[in-house]
Amino acid sequence: MPTLSVVTPAYNEARNLPVLYERLQQVLGGLGVDWEWVVVDDHSRDETFAVVAAMARRDPRVRGLRLARNAGSHKAITCGLHHASGDAAVVLAADLQDPPETLPTLLAAWRAGAQVVWAVRVHRAESAGRVGFARLYYFLMRHLVGIKEMPATGADFFLLDRRVVEALRQFRESNVSLMALITWMGFRQTAVPYDKQARLYGQSGWSLGKKLKLVVDSVTSFSYLPIRLMSATGFVVAILGFLYAIVVIVNALAGRPPQGWASLMVAVLVLGGLQMLMMGVLGEYLWRALDEARRRPPYLIEAMTGEEADATRRES
Ligand code: UDP
Ligand code: MG
């Protein structure tokens, strides 16, 4: 069993992976640790899997898995962690935004006793819009959702002890932020600083739609705040509505019926909109409950490296 498993989710990263391999080999070779590299191809549309398979033929420490459909990086990471056999696992993006040169610091913190080590971004070589969105997301997670331990500047590069990797196997939920879940799990957690680099080749696989789903997943899986807000808003609106109804009735009985289509429309549209908004919030919780109840597997594996070699051995 290797000491360290490096787990990398990869979506259209054919050009980045060989560069990352060289840098990993340099850094980990220098440290003298025993390592393996588990690359999970999240159903890329480019040559990612062929590139991993070629590296795996040359170096038995490299293993590749290809998912049967694009499941998103959190599920790809989950798959990689399920297949990692090291005493510790590091999750590292394929695009070299998380420099492998930070690995020695992560390992040192683990050896000093931490079970979860977050690499926390000090500087980010990215656009203001992206950094702003990330800041807002982590603010929401810390202050509204209540996962106070989440690093303020973001968490996507981290080390997990074997214990934590095993503990993670017990969670079967699909619509969740893996990083928020790890923070929520507890254990001995610590953080070390690093500078997030710019992407080497290609572009981010996170579309706006995927990001928005992650935001709603992150809120609904750890908080009932939106539902509480609905009850509170409903309560306030109902009280005000009853009070105003009394005014309207009294006026009508006194021979001064309220006039106008405008006031009626305002009430109908505002209340109708509010109700639909609240149904939407309920719907977000409801479909997730149904989705989890189905217990579909979070990912399916289409291929693994080394299978061709096994097939030739069987034939001969
Ligand atoms: N990724 C993935 N599936 C996806 C999108 C991204 O496995 O659907 C991988 C991607 O190849 C990279 C990591 O997840 O290794 C981080 O993604 P990306 O760099 O696209 O996101 P960003 O850095 O913009 O947050
Ligand atoms: Mg990236």
Side-chain angles (χ1 to χ4, degrees), residues 5-21 23-24 37-52 55 62-84 89-100 102-103 118-121 123-138 141 150-151 153-158 174-180 182 194-215 217-218 298-303:
S5 300
V6 179
V7 171
T8 296
Y11 182 58
N12 300 335
E13 307 279 13
R15 285 207 289 170
N16 289 321
L17 288 170
V19 185
L20 179 53
Y21 172 74
R23 283 185 43 191
L24 270 179
W37 190 26
V38 182
V39 184
V40 182
D41 169 16
D42 191 10
H43 205 78
S44 300
R45 283 173 293 175
D46 71 353
E47 294 302 297
T48 295
F49 192 66
V51 168
V52 179
M55 289 191 286
V62 179
R63 280 196 288 147
L65 301 123
R66 177 170 164 84
L67 300 188
R69 45 179 295 156
N70 180 247
S73 67
H74 291 229
K75 286 180 185 165
I77 293 169
T78 305
C79 169
L81 290 173
H82 286 171
H83 290 84
V90 166
V91 172
L92 180 81
D95 56 3
L96 291 140
Q97 285 200 275
D98 309 329
T102 313
L103 287 175
W118 297 101
V120 173
R121 309 157 187 172
H123 296 292
R124 282 180 84 158
E126 285 177 303
S127 75
R130 293 179 63 91
V131 177
F133 185 91
R135 279 295 180 129
L136 187 66
Y137 172 78
Y138 288 102
M141 290 308 289
M150 254 192 142
T153 53
D156 46 23
F157 180 18
F158 52 95
S174 289
N175 301 293
V176 69
S177 154
L178 180 66
M179 289 65 158
I182 292 170
Y194 85 109
D195 290 339
K196 196 170 179 90
Q197 313 291 312
R199 193 172 236 286
L200 187 62
Y201 294 116
Q203 55 196 30
S204 169
W206 278 87
S207 59
L208 184 64
K210 279 184 187 170
K211 280 188 191 167
L212 289 178
K213 176 169 184 294
L214 180 73
V215 173
D217 278 348
S218 306
Y299 58 83
L300 297 169
I301 293 166
E302 180 184 300

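Start at 1 and go down the list; that is how both ligands and their atoms are numbered. As the structure is a prediction and not an experimental result, all values here were calculated from the model.
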Novice: For F157, is the NZ or CZ atom of K196 found under 6.0 angstrom from the centre of its six-membered ring and inside 45 degrees of the ring axis?
Specialist: no

Novice: Between M55 and R63, is there a side-chain heavy-atom distance shorter than 4.5 Å?
Specialist: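 No - every pair of side-chain heavy atoms lies 4.5 Å or more apart.
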
Novice: Which heavy atom of G72 sits nearest to which heavy atom of D42, and what is that distance?
Specialist: N-OD2, 2.9 Å

Novice: Report the distance from atom CD of E302 to atom CG of L67, rounding to the nearest 0.5 Å.
Specialist: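 So the gap between those two atoms works out to 8.5 Å.
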
Novice: Does the shortest distance from the Mg ion (ligand 2) to an N/O/S atom of S204 fall below 2.8 Å?
Specialist: no

Novice: Think K210 forms a cation-pi with Y11, using NZ or CZ under 6.0 Å from the six-ring centre and within 45 degrees of its axis?
Specialist: yes

Novice: Got the residues with a heavy atom under 4.0 Å of ligand 1, by chain and number?
Specialist: P9, A10, Y11, E13, D42, N70, G72, S73, A93, A94, D95, Q97, R130, R199, S204, G205, W206, K210

Novice: So does D95 have any N/O/S atom less than 2.8 Å away from the Mg ion (ligand 2)?
Specialist: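 Yes, D95 qualifies, because one of its backbone or side-chain N, O or S atoms lies under 2.8 Å.
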
Novice: Starting at CG of N70, measure out to CZ of R45 and round the result to the nearest 0.5 Å.
Specialist: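 Separation between the atoms: 8.0 Å.
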
Novice: With the side chain counted from C-beta on, respond yes when P151 and R121 share a heavy-atom pair under 4.5 Å apart, and no when they do not.
Specialist: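 Not in contact.
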
